K.L.:
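Quick one: this structure, given as structure tokens, is what I'll be asking you about.
Throughout, a chain's letter reflects where its sequence line sits, starting with A, and its residues are numbered from 1. Here the structure is a predicted model, which means the values were calculated and not measured.
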Protein chains: 2
Amino acid sequence: MKIADKHEKIVHAAIKVFARNGFYNSKIAEIAKEASVADGTIYLYFNNKYDILITIFEEEIGRIILKVKREMAKLDDPKEKLIRFAQIHLSLVEENKELAEVIQVELRQSSKFVKEYRNKKFAEYLNIISQIVKQGQAEGIFRKDVMPGVFKRAFFGALDEMSRFWVLSSKKKYGVNTAAQQISAFFLNGILSN
Amino acid sequence: MKIADKHEKIVHAAIKVFARNGFYNSKIAEIAKEASVADGTIYLYFNNKYDILITIFEEEIGRIILKVKREMAKLDDPKEKLIRFAQIHLSLVEENKELAEVIQVELRQSSKFVKEYRNKKFAEYLNIISQIVKQGQAEGIFRKDVMPGVFKRAFFGALDEMSRFWVLSSKKKYGVNTAAQQISAFFLNGILSN
DNA sequence: GCCAAATGAATGAATATACATTCAGTAATT
DNA sequence: AATTACTGAATGTATATTCATTCATTTGGC
């Protein structure tokens with residue numbers, strides 16, 4: 001087995017275990033077992049338990065941001081971009097339930113380091129939204145009195161809460177598309193001029 | 001000092017300490033110190049560390065739900081109710097930053113028990129929103145194609161993300177009222193018929 | 001009104017446990 | 001044969017919880 005494989009195997013085992021128990025209730029031994037690896041092996045790839053969490057963050061979230069940005073670049077119309085953003089956000093959550101749970105639950109943990117770290121990556125993600133709003137305002141499609149800094153949080157928050165519901169409950173009455181359409185419709189009709 | 005006072009003192013010390021360090025990084029000794037009480041005394045009032053968290057949840061959140069419900073009962077117009085809900089939610093967060101942080105961060109922790117517990121109280125809170133939507137739809141003020149179950153999450157999520165920003169960053173560019181107005185405007189214009 | 005038992009609240013040092021981390025030894029790869 | 005990867009039992013630490021003891025308050029007998 002190649003080294004990269006083992007690193008990845010441990011990261012994915014950790015995502016599973018953290019999602020199941022939460023970071024503080026997860027034992028290294030459990031991650032090791034899930035990855036079919038000895039406890040000690042984990043320390044050949046990571047400095048400590050905490051480091052695994054940070055790695056999940058770095059590697060997996062970076063990937064997601066990239067994906068969304070690329071998708072946005074394909075579209076011109078800010079209105080369409082917003083709808084697509086909602087769709088892609090929710091479907092990424094759906095496809096990566098365990099990762100989503102770790103991000104949503106654990107990375108809100110208040111360790112100063114994680115908090116600052118989260119904020120950087122997170123700000124980048126939120127700014128994709130405010131950029132869309134600014135573009136729309138420049139083009140006269142969105143109302144000028146909409147504050148992009150408030151909007152980005154409100155829009156993201158709406159999607160995020162919706163995802164939490166999915167991640168935690170698992171018995172959903174409506175699909176990703178319905179939810180994405182509803183949510184972007186709430187907001188869009190709200191910020192479209194006239 | 002009355003017994004009730006000591007119980008309260010410990011709860012409030014715990015809110016402070018949990019907000020500062022997170023639940024798992026908070027030591028009973030620190031809570032005891034913050035409450036000016038011996039470590040052992042805490043076990044006269046609570047079964048264990050966990051029990052303190054649950055108590056915070058029960059007592060403090062129950063209070064908040066009650067407050068919001070009362071406030072809603074004063075109004076008739078669903079449109080006004082929604083605006084007022086946003087205002088009161090955000091200002092309650094502002095007035096109880098530490099509690100808000102504990103709720104937002106710690107009670108998302110994935111211990112099964114807390115999760116289920118949160119869900120009960122939380123569902124109650126969310127349903128205040130969907131009730132408003134249903135009322136508005138019955139009165140013909142809100143569009144019929146709005147799904148109350150999606151709306152409640154989107155609306156709450158928007159407010160919640162806004163609060164998180166406040167709680168975590170503390171340097172805000174706009175006040176509670178601005179944010180509440182913006183957010184309810186996004187949604188209201190989005191769900192009002194024609 | 002005073003004192004001595006009795007009660008039970010509060011203390012904090014001692015205990016017990018749970019786990020992250022280490023490392024001496026083993027296996028695999030070159 | 002040497003190097004590198006891996007193992008998992010042993011170690012050390014951190015801290016939640018306990019409990020024997022102290023302290024404060026109340027009770028009631030004189």
K.L.:
Which listed nucleotide (D:dC6, C:dC19, C:dT21) is nearest to the side chain of A:Lys27?
P.N.:
C:dC19

K.L.:
Using only heavy-atom distances, determine whether the side chains of B:Lys152 and B:Gln131 contain a donor-acceptor pair under 3.5 Å.
P.N.:
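No, B:Gln131 and B:Lys152 have no side-chain donor paired with an acceptor closer than 3.5 Å.
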
K.L.:
Does C:dA10 have OP1 or OP2 under 4.0 Å away from a side-chain N or O of B:Tyr45?
P.N.:
yes

K.L.:
Please tell me which of the listed nucleotides, D:dA16, C:dT21, D:dC6, lies nearest to the side chain of B:Ile28?
P.N.:
D:dA16

K.L.:
Please name the pair of heavy atoms, one in B:Ile52 and one in B:Ala14, separated by the smallest distance, quoted to 0.1 Å.
P.N.:
CG2-CB, 3.5 Å

K.L.:
Does the ring center of B:Tyr125 lie less than 6.0 Å from the ring center of B:Phe85?
P.N.:
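Yes, they do, as the ring centres are separated by less than 6.0 Å.
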
K.L.:
Below 4.0 angstrom from OP1 or OP2 of D:dC6, is there any side-chain N or O of A:Tyr43?
P.N.:
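The answer is no; no side-chain N or O of A:Tyr43 sits under 4.0 Å from OP1 or OP2.
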
K.L.:
For the rings on A:Phe151 and A:Phe156, is their centre-to-centre separation under 6.0 Å?
P.N.:
no

K.L.:
Consider the side chain of B:Ala38, meaning its heavy atoms from C-beta on, and name the nucleotide among D:dG8, C:dG12, D:dC6 that approaches it most closely.
P.N.:
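The answer is C:dG12.
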
K.L.:
B:Lys49 side chain: which of D:dT17, C:dA10, D:dG8 is closest?
P.N.:
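Minimum distance to the B:Lys49 side chain belongs to D:dT17.
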
K.L.:
Counting heavy atoms from C-beta on, name the nucleotide in D:dT15, C:dA20, C:dT11 closest to the side chain of B:Thr41.
P.N.:
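When the side chain of B:Thr41 is considered, C:dT11 is the closest of D:dT15, C:dA20, C:dT11.
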
K.L.:
So if I take every side-chain heavy atom of B:Leu44 and compare against D:dA16, C:dA10, D:dC6, which nucleotide ends up nearest?
P.N.:
C:dA10

